[in-house]
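Just follow the structure's listing: the first ligand is 1, and inside any ligand the first atom is 1.
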Amino acid sequence: MNYTIQEMISEAEIDKRIREMGAQISKDYEGKEVCLIGILKGASFFTCELAKRISVPVTIDFMHASSYGSGTVSSGVVKIDKDVTVSIEGKNVILCEDIVDTGRTLSSLKEVLKEKGANSIKVASLLDKPERRVTELTPDYVGFAVPNEFVVGYGLDYDQRYRNLPYIGTVVFEEGKEEG
Ligand code: 5GP
């Protein structure tokens, strides 16, 4: 099916909002060090841009997680495909995510990091789809709330493509038109 990508949030708007989030985090963690943990692959761009806007000492690591079990309905349990590479014991962790949807991924990852002995765990997400939530998870820092539409860009993919778009867009399918 043919589709187009329609811009929803511009590069300038994202840049401005990440600066604001960085300033807020710098204020909240004054006198402390933060450990940013980005969730691959989607949050890679956001994690790095956010890190650049934080003025307190920052360390960066990444995790990759996938939903356990088969079928189309997520079991709510995540499998860690790539774990953090440094100890997070006693650290002030901020989990960085591209988008919070049901909240299952981050709920599970928060538990995993708690067991590893983090001092505190907060969540920063570039995007949030609050109406899709099925868990108690509320991100501590949110870039933009978005409607329940499939979005791409700034790390988010559609079939592994479009992660490199510097803006957030929606995938708009053109009904009745076949590719070819
Ligand atoms: P959750 O565990 O909160 O349901 O899932 C969050 C993950 O679902 C995100 O990290 C992302 O990989 C994927 N996801 C949810 N909504 C979208 C969307 O609109 N676009 C893309 N590309 N991925 C999404």
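Minimum heavy-atom separation, M63 to V112: CE-CG1, 4.5 Å. Of all non-hydrogen atoms in E13 and M8, the two that sit nearest each other are OE1-O, 4.4 Å. Minimum heavy-atom separation, N119 to G90: CB-O, 3.3 Å.
Remark: among candidates V151, D157, L106, the nearest residue to atom 20 (N) of ligand 1 is V151, based on non-hydrogen atoms. With distances taken over non-hydrogen atoms, the option nearest atom 9 (C) of ligand 1 out of D101, D98, L156 is D98.
Taking a cut-off of under 4.0 Å to the non-hydrogen atoms of E97, the atoms of ligand 1 that pass are 10 (O). For ligand 1, the atoms lying closer than 4.0 Å to a non-hydrogen atom of E149 are 19 (O). Heavy-atom contacts of I99 reach the following atoms of ligand 1: 6 (C), 9 (C), 10 (O), 11 (C), 14 (N), 15 (C), 16 (N), 17 (C), 24 (C) (cutoff under 4.0 Å). Proximity to T105 (heavy-atom distance under 4.0 Å) selects the following atoms of ligand 1: 1 (P), 2 (O), 5 (O).
Between the S55 side chain and the S26 main chain, no donor and acceptor come within less than 3.5 Å of each other.
For G42, the closest heavy-atom approach to ligand 1 does not fall below 4.0 Å.
Of the N or O atoms in V100, none lie within a sub-3.5 Å distance of an N or O in ligand 1. Inclusion of T102 in the set of residues having an N or O under 3.5 Å from an N or O of ligand 1 is warranted. Among the atoms of V152, none of the N or O lies under 3.5 angstrom from an N or O of ligand 1.
The side-chain hydrogen bond (donor to acceptor under 3.5 Å, both in side chains) check on Q160 picks up K41, R163, with sequence neighbours excluded.
Heavy atoms of K129 found under 4.0 angstrom from ligand 1 belong exclusively to the side chain.
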